Amino acid sequence: MVIISRARLLVVCAMLSLPPVGGAPAADPQIKPPIRGLVSMGAYRFVGKGGDPVNTLEPLNAKAGIFGGLVIIATWKQLQPTPASEIGENNVIDQALADVRAYNAQNPAKPLAVKLRVWGGFEAPDWAMQFGGAPIATEHNGRQRLLGRFWSEAYREAWSRFQVQLAAKYDARPLIREVSITSCMSFTAEPFFLPNEPTVANPLRAAGYTDAAHRQCLEHAVADYAPWKASRLVLSLNPFYGLSRKVGDAAFTERVMRSCRQAVGRRCVFDNHDLDANPPKSLLPIYAVMQRMGPEIQFQTLHETPEDFEGTIKKGCFSRCELDRALAGLPGFSAGAGCHAQAMGDHDRRTVIGHLR
């Protein structure tokens, strides 16, 4: 029996039954299949604890054969420490992929697939943080963070060149099914998210940040990942606030969503990190667009126990439960299809994937 310990949780659902809107034909053999099964998210410990992300198969080995995937997390500064650096052999991604291959050899009936998420933002290399001036000292949630001018043209071009290297090395790897779009990120892997407390807003504005420049960055985020041709691209979405708006601009976000689908078709997967059966009102417009545009959608909740827990389960999203029994026994589930429930925290956290009937 697998039980998620009490912690801040992240739930993700992929709703695959909605009709597609435009884009690549559904039968395109170039597109890799989505990840199925339970997915380990252990490397997220670094976000709160500091240090580099540690990709581990410890929770997977503890329950061998029940997992379907692993999120491999790396940082820009790990992979490209200098402007002229090429992505070296036996880097953190290679090491994690080797662990996955070893696991798959031992568990051929239940092999793992990989989602790759490379962090920029406060995990960017020092040389990238120097574009346009010294790194920007900020404080968010009581943590000191240095940022580069992620909205600037020089920074964006460097990130785009970095994607050329990453895609050349990893897009053809069959283990890597999905890649998170993290262009324009600052404090989290959600590019639209930017905290506006004075300890963030004042230093950013002094360094030249404008909402218009941030919008322009987000509008070009999908283009940054143009070198990726076969992997699914996961775009995390929120209404745009920047540092000036009190009401989120959902219309702008919808334009980015439609541009993503026009550019890469069904490989563009929509995602949000705070949706469950009772999503926040600010997210309802984005949620509605996701439902209309389908079929590739993921949505998550960081609530340990959503207010409408039963409704969340019926939607295919749930947080604290006995995973092996829940997949097979809860109403509305068919084990092993497309709804991801992810738990964020230490190495013993889990991710669940099921499918709405």
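Keep in mind it's a predicted model, so treat the numbers as computed, not measured.
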Query raised in the report: Where do Val114 and Val71 land on the side-chain contact (heavy atoms from CB on, under 4.5 Å) test, with the steps shown first?
Result: CA-CA 6 Å; Val114 169; Val71 176; over 6 Å; no
I need the minimum non-hydrogen distance between [X] and [Y], along with the two atoms involved.
X	Y	answer
Ser160	Asp224	CB-OD1, 3.8 Å
Pro135	Gln130	CD-NE2, 3.6 Å
Asn91	Gly88	ND2-O, 2.6 Å
Thr253	Phe240	OG1-N, 3.5 Å
Thr82	Trp127	C-NE1, 3.3 Å
Tyr209	Gly242	OH-CA, 3.4 Å

Taking atom [atom1] of [X] and atom [atom2] of [Y], what is their separation to the nearest 0.5 Å?
X	Y	atom1	atom2	answer
Ile72	Ile176	CD1	CD1	6.0 Å
Phe131	Arg156	CZ	CZ	12.5 Å
Glu219	Ser259	CD	OG	7.5 Å
Leu79	Glu123	CG	CD	11.0 Å
Ile31	Arg266	CD1	CZ	4.0 Å
Ser85	Lys77	OG	NZ	14.5 Å

Query raised in the report: Which class fits the ring pair Phe46 and Phe122: parallel under 30°, tilted 30 to 60°, perpendicular over 60°?
Result: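 Judged by the thresholds at 30° and 60°, the geometry between Phe46 and Phe122 is tilted.
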Query raised in the report: Do the rings of His140 and Phe193 sit parallel, tilted or perpendicular, given the 30° and 60° boundaries?
Result: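 His140 and Phe193: tilted rings.
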Query raised in the report: Is the cationic atom of Arg215 (NZ for Lys, CZ for Arg) positioned less than 6.0 Å from the six-membered ring centroid of Phe252 and within 45 degrees of its normal?
Result: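 Yes.
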Should [X] and [Y] count as side-chain neighbours, where that means a heavy-atom distance under 4.5 Å?
X	Y	result
Leu97	Tyr170	yes
Arg101	Leu175	yes
Leu194	Ser186	yes
Cys260	Val264	yes
Glu190	Asn238	yes
Leu57	Leu112	yes
Ile181	Val234	no
Arg255	Met257	no

Indicate yes or no for a side-chain donor-acceptor contact from [X] to the backbone of [Y] under 3.5 Å, with no hydrogens or angles considered.
X	Y	result
Arg117	Ala189	no
Arg205	Leu243	yes
Arg145	Phe187	no
Asn141	Arg143	no
Lys32	Arg173	yes
Arg245	Val247	yes
Arg177	Ser231	no
Ser180	Thr182	no

Under 3.5 Å, is there a donor on one side chain and an acceptor on the other for [X] and [Y]?
X	Y	answer
Asp171	Tyr225	no
Trp119	Thr75	no
Gln95	Asp99	no

**Report entry** Within the 6.0 Å centroid threshold, strictly below: Phe192 and His214
**Finding:**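 Centroid distance Phe192-His214: not below 6.0 Å, so no.
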Query raised in the report: With a 6.0 Å cut-off on ring centres, are Trp76 and Tyr155 close enough?
Result: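 Yes; Tyr155 has its ring centre under 6.0 Å from that of Trp76.
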Query raised in the report: Which residues satisfy the side chain to side chain contact (heavy atoms under 4.5 Å, CB included) test with Tyr241, sequence neighbours excluded?
Result: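 Tyr241 satisfies side chain to side chain contact (heavy atoms under 4.5 Å, CB included) with Pro239, Ser282 only.
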Query raised in the report: Should Cys268 and Phe270 be marked as a side-chain contact (heavy atoms from CB on, under 4.5 Å) after you check the CA-CA gap, both sets of side-chain angles, and the distance that decides it?
Result: CA-CA 7 Å; Cys268 180; Phe270 299 140; 3.5 Å; yes
Report task. Start with the C-alpha gap between Arg267 and Glu178, add the side-chain angles, then the distance that decides, and say whether salt bridge (charged side-chain N to carboxylate O under 4.0 Å, His left out) holds. Result -> CA-CA 9 Å; Arg267 284 196 301 124; Glu178 301 174 354; over 6 Å; no
Query raised in the report: Hey, mind stepping through Leu235 and Val269 against side-chain contact (heavy atoms from CB on, under 4.5 Å) and telling me if it holds?
Result: CA-CA 6 Å; Leu235 180 62; Val269 180; over 6 Å; no
Report task. Identify which one of Gln165, Glu157, Gln163 satisfies the side chain to side chain contact (heavy atoms under 4.5 Å, CB included) criterion when paired with Arg161. Result ->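 When side chain to side chain contact (heavy atoms under 4.5 Å, CB included) is applied between Arg161 and each of Gln165, Glu157, Gln163, only Glu157 qualifies.
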Query raised in the report: Does Glu254 have any salt bridge (charged side-chain N to carboxylate O under 4.0 Å, His left out) partners at least two apart in sequence or in another chain, and if so, which?
Result: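 Only Arg258, Arg292 meet the salt bridge (charged side-chain N to carboxylate O under 4.0 Å, His left out) criterion with Glu254.
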**Report entry** Intermediate values then yes/no, side-chain contact (heavy atoms from CB on, under 4.5 Å), Met129 and Leu146
**Finding:** CA-CA 8 Å; Met129 292 191 185; Leu146 290 178; 3.9 Å; yes
